[in-house]
Every structure is written in C-alpha cells, then in structure tokens.
Participant: 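Before anything else, here's the structure in question.
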Amino acid sequence: MCGIIGLVCSDPEADCASELFDGCLYLQHRGQDAAGIVTCGKGGRLYQCKGNGMARDVFTKARMLSLVGNMGISHLRYPTAGSSANSEAQPFYVNAPYGISLAHNGNLTNGEELKKYMDEVVHRHINTDSDSELLLNLFAAELATYDKSRVNNSDIFKALEGVYTKVRGAYACVAMLAGYGVIGFRDPHGIRPLVIGERLKDDNQRDYMVASESVVLRAHGFQVYRDILPGEAVIIPKATMIPEFRQVVPRKSYTPDVFEYVYFARPDSVLDGISVYRSRLEMGTKLAKNVTEAFKAHGKDVRKEIDVVIPVPDTSRHAALQCAVTLDLPYREGFVKNRYVGRTFIMPDQSQRQSSVRRKLNAMASEFYGKSVLLVDDSIVRGTTSKEIVSMARECGAKKVYFASCAPVIRYNHIYGIDLADNKQLVGFQRSDEEISEVLGADKVFYQRLEDLFDCCKRDDQIKDHEIELALNPKSADKAKSYIKSSAPLPEFDGFEAGVFTGKYITGDESDYLCKAEKSRALNAKLKKAEATVQILDAADLKAPSEINIYNSGDY
Ligand SMILES: *[C@@H]1O[C@H](CO)[C@@H](O)[C@H](O)[C@H]1NC(C)=O
Ligand SMILES: *[C@@H]1O[C@H](CO)[C@@H](O)[C@H](O)[C@H]1NC(C)=O
Ligand SMILES: CC(=O)N[C@H]1CO[C@H](CO)[C@@H](O)[C@@H]1O
C-alpha cells in the first residue's frame with residue numbers, strides 16, 4: 001500500500017512541488033517508509049528528490065527549492081513483501097523512450113514472469129526487487145515499439161493496453177512523460193483506489209490532480225472529482241490541459257480492496273463513491289448487533305454484561321462510538337495515544353511491536369477499574385498488539401475484557417500491497433474464535449461477519465458528494481465546461497477484494513506468489529537481524545539520505 005499523487009498546473013510559471021509536498025502530508029498514513037517527488041520543468045527537464053523517511057524529513061526547504069516545474073508526481077512508500085529499508089524510493093525513472101517516471105501503489109503477482117520477459121524479450125535491465133520498476137520498464141518497452149520521435153495520446157493508451165495484458169495484480173499508478181504530461185491508470189479490478197480532480201481557477205484555467213484518496217483533492221481546492229474506473233486510464237497533456245479518458249481494457253470486475261475502508265484510508269476520503277467515515281460508522285452499528293445477539297444466545301443481556309465501550313485509538317474510534325450508541329452504553333476514551341510515536345503496524349519486526357504498544361498507548365486506570373469493558377479495534381492481525389492491550393486493561397483492574405473487531409477474522413495474507421504477515425503469524429490462522437480469545441487473554445472476542453462488512457461499505461444515496469461540492473462552489477457548477485463528468489453514476493460493484501478473510505484472491509490462484517513472498521520475507525528478516533548490530537547508526541537513516549539524481553541543481 002502506498003500513496004501516489006500526480007499534478008498538472010495550467011500556469012506554466014507555477015511550481016507544483018509545494019502542492020505535491022502538501023499532498024504527501026495528507027497521504028502520509030499510506031506509507032512512512034520513503035517519499036519522493038519528481039517534477040518536470042521547462043524544456044522537459046526532470047527534477048527529482050527522494051529518500052527514506054517521512055515526507056517532512058525527506059523534503060527539506062533546500063531540496064524543495066530545486067524541484068521546479070508545473071507538473072509532477074509523488075510517492076509515499078509503505079513497506080511491502082520483499083522491500084527493505086534500503087530498497088529504492090519511488091518514483092522510478094527511465095530515460096528511454098521520452099523520459100518516463102512512474103509511481104505505483106499496489107503489488108503485482110506475476111513479477112517473476114515479468115522479470116523473465118524483461119530479460120529475454122525486451123532486454124531491459126531491472127536493478128531492484130520492486131515490481132514498480134518492472135511496471136515502468138514494461139510501459140517503456142511498449143512505448144518504444146512505436147519508434148516515433150513524439151508520441152500522442154493514442155500511442156500512450158495503446159502502450160498501456162500492452163501493459164495491462166501482461167501484468168497481473170493490483171496497481172494504481174501515476175506516470176509522467178517528460179515535457180508531455182501526466183498519466184493515471186488503474187488495474188482492471190480496481191483493487192487500489194485512484195481519484196482525479198479538476199480545479200477551476202480565477203483565470204478560468206483548470207488544474208488537474210490524480211491521487212490515491214479524495215482527501216488530497218478536497219484539501220487543495222479541486223472542486224470536481226471522480227474515481228478512475230477499473231481498467232481505465234487518463235492522460236493530462238500539458239500542452240492542451242484537456243484530460244482524455246479511455247477504458248484501455250474491459251473492466252474485469254469492480255472490486256476495491258475492502259481493507260481500505262476497515263483500516264487503511266483516511267475517514268475523510270470518499271473512495272469509489274463510498275464514504276470511508278460512513279462505512280466505519282456502519283461497522284460499529286453492525287458489530288453492536290452481533291455482540292448483542294451473541295449475549296442473547298446465552299440468555300444474557302448485553303447491557304447488564306458490559307459497562308463501557310472503549311476504542312483502541314485511532315482508526316476504530318468512529319466505529320466504537322457508533323457501537324456504544326447502538327448498544328446504548330457509555331463510550332469512554334480509556335487509552336490515550338502518544339501522538340509522537342509512530343504507528344506500530346508499520347514496524348517490521350515482532351519484538352519491537354510488543355513493547356511499542358505501551359510506548360504508544362497509555363491506559364487510564366479510572367476508566368477500567370472494576371468495570372466490564374468492550375474494547376473495539378478495527379482489526380486483529382497478529383494479535384500481539386491486541387494481547388498487550390487486553391493485559392493493559394486487566395492491569396488497570398478491569399473485571400471483564402471483551403474484544404471486538406470491526407473486521408472479520410484475518411486468516412490469510414494480504415497480497416496486494418499491505419504486508420500484514422505470513423499466514424502462520426496471524427492470530428486467526430487455523431484458530432477458532434475461542435482459541436483466539438484465549439491467545440489474546442480476553443473473556444471473549446467478537447468479529448464482524450463478512451457479509452455485514454460488505455454491507456457497511458455502501459454508496460450512500462443521501463450524500464451525493466459532487467452535489468454538495470457544486471452547491472458549495474457554484475462557479476464550478478458550470479458542468480458543461482468541466483472535463484470531468486463527476487455526476488455520471490459509477491458502475492455497480494461486483495463485490496470487494498477480501499482475500500485476507502477468504503483466501504480467495506480476485507486475480508486468481510496466487511499460491512506461487514505467496515510462496516515466494518514468504519521466502520523473501522524470511523530473507524529480509526535474516527538481513528534485518530544481521531543489520532541489528534549497527535542499528536544505532538542506522539537510526540540516522542530516518543533523516544533520509546535523499547538522492548537527487550536526475551538533475552542536480554543545488555548543493556547538498
Ligand atoms: C497518433 O499517432 C498515430 C500513429 O502512431 C496515428 O495513427 C494517430 O492518428 C495519431 N493520433 C492523433 C490524435 O494525432
Ligand atoms: C457474530 O459474528 C460472527 C463472525 O465472526 C458469527 O460467527 C456469529 O454467528 C455472529 N453472531 C451472531 C449472534 O450473529
Ligand atoms: C512494490 C513492492 O514492494 N512490490 C513487492 C511485491 O511483492 C513481491 C514479492 O513478494 C516483492 O518482491 C515486491 O517488492
């Protein structure tokens with residue numbers, strides 16, 4: 001899972017870098033491993049800055065000043081299978097043909113096959129383990145077949161078609177052709193999200209932005225936006241500033257990853273027409289019903305058995321509050337988060353994870369002492385965090401500790417870009433609910449039912465986002481002139497990608513891939529161990545040894 005942004009400003013004198021940087025801050029939750037920006041200035045020259053760490057550390061003031069140009073793309077990397085702290089940050093770049101850079105969110109499942117194709121058929125050298133590099137080179141190889149000194153939109157769409165037919169897996173991408181424009185495209189299942197927005201300026205010119213989540217567009221004053229559809233691509237040529245959309249290959253399905261709504265996306269984003277916030281509220285309602293019924297099945301009244309509902313900050317808060325309201329029980333903040341400690345979900349190894357829970361959360365004894373508490377979290381992955389939290393509640397004198405998860409039991413790998421863990425490390429792996437309760441040390445765990453979860457992620461007819469937008473921005477209400485038909489209804493869903501819960505992945509049988517991922521994870525663990533001895537020095541690495549390697553204009 002990663003965050004990506006592409007931006008084209010109509011004003012040739014504009015510098016897009018500051019907005020790309022700002023956008024990165026809105027998408028930082030999607031990846032804290034590495035960050036990068038590439039911009040394109042006059043004469044098609046590319047300027048790049050990327051490095052390991054958070055956006056605010058990588059993009060220093062001096063580095064930002066050297067990123068000139070009115071169009072660019074950026075990337076935030078989330079560590080996935082096989083990626084280590086030292087692997088290269090994105091966007092990736094190839095000089096031939098035309099100078100292409102690309103940023104990718106997702107994970108390909110036929111990387112091995114593509115690597116072979118690169119080697120044997122198109123003879124392109126691949127220097128990292130990242131499938132994003134493969135994707136970029138594949139795109140470049142397809143474009144190169146036209147052997148033209150200048151390509152046009154239809155050539156690019158054609159090349160993308162070639163990419164789509166060779167690649168399997170999840171990919172939402174932004175790419176930039178030096179001097180030409182920015183391209184956004186999304187896999188034929190629509191697994192990872194991608195949204196495009198249009199901003200009408202005072203001079204009646206329009207800017208365009210493509211991003212992983214709608215929150216970035218909203219935050220930057222893009223009034224009209226819509227989702228890029230599965231199998232669809234958009235090109236925004238700098239010369240015309242008229243975006244061209246094309247369904248490059250037929251839609252295989254419309255199945256976004258349900259995990260975006262459970263955990264990953266920001267609540268203030270609307271993805272594929274579904275408000276993330278609303279879906280989380282609904283998860284709370286449905287969960288409450290399940291909890292009530294579970295007690296009823298044992299002849300008990302939930303309101304006599306539970307005293308208080310407490311969220312595990314932060315993601316689960318909205319759901320927990322709604323759960324408490326539905327149960328008609330008090331909602332209390334029993335855990336206070338130390339907001340200056342990073343999110344442990346992101347940390348690579350287990351031992352670090354355990355101790356960091358307590359660094360991150362502090363339990364207020366008064367809210368637990370002598371009470372039966374229902375803790376609500378978004379999901380339970382390895383169970384180490386949940387276990388620690390349960391024991392913190394007990395240490396504070398809780399009488400009973402129930403644990404509820406807004407997501408169903410996670411029993412399988414996530415293969416499209418959220419590297420949860422190997423199957424065997426998941427607490428839900430081959431365990432019944434009772435066994436899971438035992439591992440966590442909880443009196444009982446409650447899970448959301450899968451059908452219920454799907455039900456929660458609905459397009460709400462009540463809130464027509466674009467209508468609100470137009471009401472708030474009457475000037476942009478002149479739909480006739482907009483190049484983005486945001487009011488056109490999105491196609492119906494064919495369900496959701498939910499392989500983590502079912503083991504059935506939308507792109508088919510991926511056991512080869514899983515096997516490989518497990519191996520590379522083991523190898524990485526080994527490397528990490530070897531590195532552990534020099535960890536103290538490495539800590540400085542967080543401050544980003546950033547590279548500026550395409551056009552180096554300043555002194556660093
Ligand atoms: C783009 O180039 C192709 C040749 O590669 C040509 O057939 C086509 O007409 C061109 N399209 C436009 C819109 O110029
Ligand atoms: C609650 O959800 C779980 C799914 O984990 C399901 O097995 C159970 O039947 C549900 N309970 C009730 C009472 O609906
Ligand atoms: C972008 C990215 O990190 N892709 C990963 C997808 O999974 C393969 C196999 O585990 C890794 O090698 C890639 O690095």
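Order of appearance sets the numbers: ligands from 1, and atoms from 1 within every ligand. This structure is a prediction, so every number in the text was calculated from the model and none was measured.
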Participant: Does the protein put any heavy atom within less than 4.0 Å of atom 2 (O) of ligand 2?
Facilitator: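 Flag for atom 2 (O) of ligand 2 set to true, protein heavy atom closer than 4.0 Å.
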Participant: Suppose we measure from atom 4 (C) of ligand 1 to each protein heavy atom; which comes out shortest, and what is that distance?
Facilitator: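 I find the closest protein heavy atom is Lys148 NZ, 3.4 Å.
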Participant: Given Tyr447 and Asp452, is the side chain to side chain donor-acceptor pair (under 3.5 Å) satisfied, shown in steps?
Facilitator: CA-CA 10 Å; Tyr447 279 104; Asp452 282 347; over 6 Å; no
Participant: Could you find the nearest protein heavy atom to atom 8 (C) of ligand 1 and give me its residue, atom name and distance?
Facilitator: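 Among all protein heavy atoms, the one nearest atom 8 (C) of ligand 1 is Asn152 ND2, 3.7 Å.
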Participant: Could you check which of Asn290, Val291, Val409 puts a non-hydrogen atom nearest to atom 10 (C) of ligand 2?
Facilitator: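 Result: the heavy atom closest to atom 10 (C) of ligand 2 is in Asn290.
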Participant: Would you mind reporting whether Phe92 and Asn137 have side-chain heavy atoms less than 4.5 Å apart?
Facilitator: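 A side-chain contact under 4.5 Å is absent here.
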Participant: Considering only the protein, which heavy-atom contact is closest to atom 6 (C) of ligand 2, and what is its distance?
Facilitator: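 The answer is Arg449 CG, 3.8 Å.
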Participant: When you check the gap from the basic side-chain N to the acidic O, do Lys387 and Glu438 get nearer than 4.0 Å?
Facilitator: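 Looking at Glu438 together with Lys387, the answer is no, because their closest N to O distance does not fall below 4.0 Å.
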Participant: I need the Asp377 CG to Ile310 CD1 distance, nearest 0.5 Å.
Facilitator: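 Answer rounded to 0.5 Å: 13.0 Å.
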Participant: Indicate, as side chain, backbone, both or neither, the part of Asp155 found under 4.0 angstrom from ligand 1 when only non-hydrogen atoms are considered.
Facilitator: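 It is the side chain that gets close, since no backbone atom is under 4.0 Å.
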Participant: Would you kindly check if the NZ (Lys) or CZ (Arg) of Lys444 is within the cone defined by 45 degrees around the ring axis of Phe446 and under 6.0 Å from the six-membered ring centre?
Facilitator: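 Judged by the rule, Lys444 and Phe446 form a cation-pi pair.
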Participant: Who's the nearest protein heavy-atom neighbour of atom 5 (O) of ligand 2, and how far?
Facilitator: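 Result: Tyr447 CB, 3.2 Å.
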Participant: For ligand 2, is Ala297 a contact, meaning one of its heavy atoms is under 4.0 Å away?
Facilitator: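 No heavy atom of Ala297 comes that close to ligand 2.
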Participant: Go through ligand 2 atom by atom and flag the ones less than 4.0 Å from a non-hydrogen atom of Glu293.
Facilitator: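 Under 4.0 Å from Glu293, ligand 2 has these atoms: 12 (C), 13 (C), 14 (O).
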Participant: Quick one: are His189 and Pro230 in side-chain contact, heavy atoms under 4.5 Å?
Facilitator: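 SC-SC contact between His189 and Pro230 ruled out.
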Participant: I want to check a possible cation-pi pair here: Arg246 against Tyr164, using under 6.0 Å from ring centre and within 45° of the ring axis as the test.
Facilitator: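 Because its charged atom misses either the 6.0 Å distance or the 45° angle limit, Arg246 does not stack over Tyr164.
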